[in-house]
Amino acid sequence: MKNRIYLMIILLFFVSLFFVVYYGKETFLVNKTVNKEQKEYTYHFVLIPEEEDNEYWRTVEKGARDAAKKYRVYLEYIGPSRANMEEHVQVLDKVIAGKVDGIMVQGIADVQFTPLINKAINKGISVVTVDTDLPESEREAYIGTDNYLAGYIAGKALIEDTIGPQQVGVVIGRKDAEHQQLRVDGFKDAIEEEERIEIVGIKESKISKTGAVQATYDLLKENPDITAFYGTSALDGIGISQVIRTLKPNLDPYIIAFDTLPETLKLLKKGEIDALVVQHPYEMGYRSVETLIHIKEGNHPEKLQYTETGIWRIEDLIQQKGTYSNEDDPE
Ligand code: BGC
């Protein structure tokens, strides 16, 4: 009997030893891979877009990837599939919980984003805001358009390009986003003293093309006398002009919109859009990575790094051929 018990103990010992060696080896191998990856990269940064598959954000990503490649940064691009406050905040929270060195994120809204950005900073993660600033937070720098100014120059362009009374329909990307509001505030201030120009309605596109179509349609239904449209996010101009082309071809309103995506540039060239507010998303991505590196190296880069903004009309497009951000020729 005693011998049997001894035999059982010895057997158990060898079985446990086998598991210890086997799983120990597996763990060891995983660690080795992680170490190898860590050695290959200097830093691990994450870029959080407003919407993952949005062409504008893909351009920001391209700039960030090019800089990441140059400086050997491990870059991740993670964001909501459709623009959405709740999901956006969740992504940011998850990224903060992970072990990253730096985050590039929009400062979409004070209440939801400031505590999270400050939490990241307290954890030693560097944060820069990109495209939309949140100066109330402890973010270390902002890289992007001066959104108030962009709205202001849009208003001035409308004044310059039109004569007589104008009833303006505004398609805003999101009412809950700081930069979209600033683009409307700047626009309103620019036209304030111009009595012939009046905003007759503001509708949200939820930053999608179909949303912009719906918003334009609703604006026209409520205000059939609209003579001009102002779109404040990258896909709004495409949606506005689609409604005019298909439903109201005789209207020919003045259209001013944001961004120089290839499709928008084609519309400018065809005369379906009259003017565009230019932003530089590629540069925003590139400079954000560079700025995070400077911070990590112990430097204190300039807090407000505004990328250029300006207005393009068809004649500027011809002059600028080949130099706009996407480097695509809009045929
Ligand atoms: C804005 C981005 C936004 C994009 C949506 C751009 O004009 O700067 O914040 O995500 O439009 O399409």
Side-chain angles (χ1 to χ4, degrees), residues 47-64 77-85 87-88 91-92 104-109 113 128-134 142-151 153-154 170-187 204-216 229-242 255-265 267-268 273 275-285 287-288 305-312 324-326:
L47 169 63
I48 304 176
E50 182 166 10
E51 181 173 272
E52 249 182 22
D53 246 338
N54 183 296
E55 229 182 323
Y56 172 91
W57 282 101
R58 288 291 180 195
T59 315
V60 180
E61 183 197 8
K62 188 166 188 312
Y77 176 78
I78 318 166
S81 44
R82 300 280 313 115
N84 169 299
M85 186 71 84
E87 220 185 302
H88 206 151
V91 172
L92 177 58
M104 294 161 269
V105 67
Q106 281 169 296
I108 283 274
F113 281 67
V128 298
T129 44
V130 59
D131 172 87
T132 313
D133 195 14
L134 198 49
Y142 167 64
I143 301 99
T145 302
D146 177 339
N147 285 299
Y148 175 85
L149 177 71
I153 60 172
V170 178
V171 177
I172 185 173
R174 292 168 66 176
K175 285 186 178 162
D176 61 356
E178 294 273 340
H179 64 321
Q180 299 291 310
Q181 283 165 11
L182 284 171
R183 290 175 190 182
V184 174
D185 291 349
F187 184 85
E204 251 183 341
S205 68
K206 302 272 180 217
I207 81 160
S208 81
K209 207 186 295 181
T210 47
V213 166
Q214 187 63 49
T216 311
F229 282 96
Y230 169 44
T232 67
S233 72
L235 305 178
D236 297 341
I238 302 170
I240 296 168
S241 53
Q242 186 176 318
I255 301 176
I256 179 158
F258 261 76
D259 295 307
T260 53
L261 299 180
E263 198 177 341
T264 326
L265 287 172
L267 294 168
L268 181 68
I273 287 181
L276 290 173
V277 182
V278 183
Q279 296 199 86
H280 293 276
Y282 178 91
E283 197 188 333
M284 288 179 207
R287 276 172 58 183
S288 296
Q305 299 184 34
Y306 287 133
T307 46
E308 261 179 60
T309 181
I311 302 287
W312 277 3
Y324 29 86
S325 41
N326 305 296

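Throughout, residue positions are numbered sequentially from 1 according to the sequence presented. Order of appearance sets the numbers: ligands from 1, and atoms from 1 within every ligand. Remember, it's a predicted structure, so these values are computed and weren't measured experimentally.
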- Task: Can you sort out the partners of His88 under ring-ring contact (aromatic ring centres under 6.0 Å, His included), two or more places apart, ordered by chain and number?
- Result: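 Testing His88 for ring-ring contact (aromatic ring centres under 6.0 Å, His included), a comparison that skips the adjacent residues, returns Phe113.
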- Please list, chain by chain and in numerical order, all residues satisfying ring-ring contact (aromatic ring centres under 6.0 Å, His included) with Tyr230, sequence neighbours excluded.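 If we apply the ring-ring contact (aromatic ring centres under 6.0 Å, His included) test to Tyr230, skipping adjacent residues, the hits are Phe187.
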- Task: Could you name the protein residues that come within less than 4.0 Å of ligand 1, counting only heavy atoms, and order them by chain and residue number?
- Result: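 The 4.0 Å shell around ligand 1 contains Glu50, Asn54, Tyr56, Trp57, Gln106, Asp131, His179, Arg183, Ile207, Ser233, Ala234, Asp259, Gln279.
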- Query: Closest approach of Gln106 and Thr129, non-hydrogen atoms and distance?
  - Reply: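 Heavy atoms only, the tightest pair is C-CG2, 4.4 Å.
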- Would you call Arg58-Glu61 a salt bridge at under 4.0 Å N-O?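 Yes, charged N to carboxylate O under 4.0 Å.
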- Within a strict 4.5 Å, meaning less than it, do heavy atoms of the Arg174 and Glu204 side chains meet?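 The answer is yes; the side chains approach within 4.5 Å.
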- Query: For Asp185, which residues count as a salt bridge (Lys or Arg N to Asp or Glu O under 4.0 Å) partner, sequence neighbours excluded?
  - Reply: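 Result, salt bridge (Lys or Arg N to Asp or Glu O under 4.0 Å) vs Asp185: none returned.
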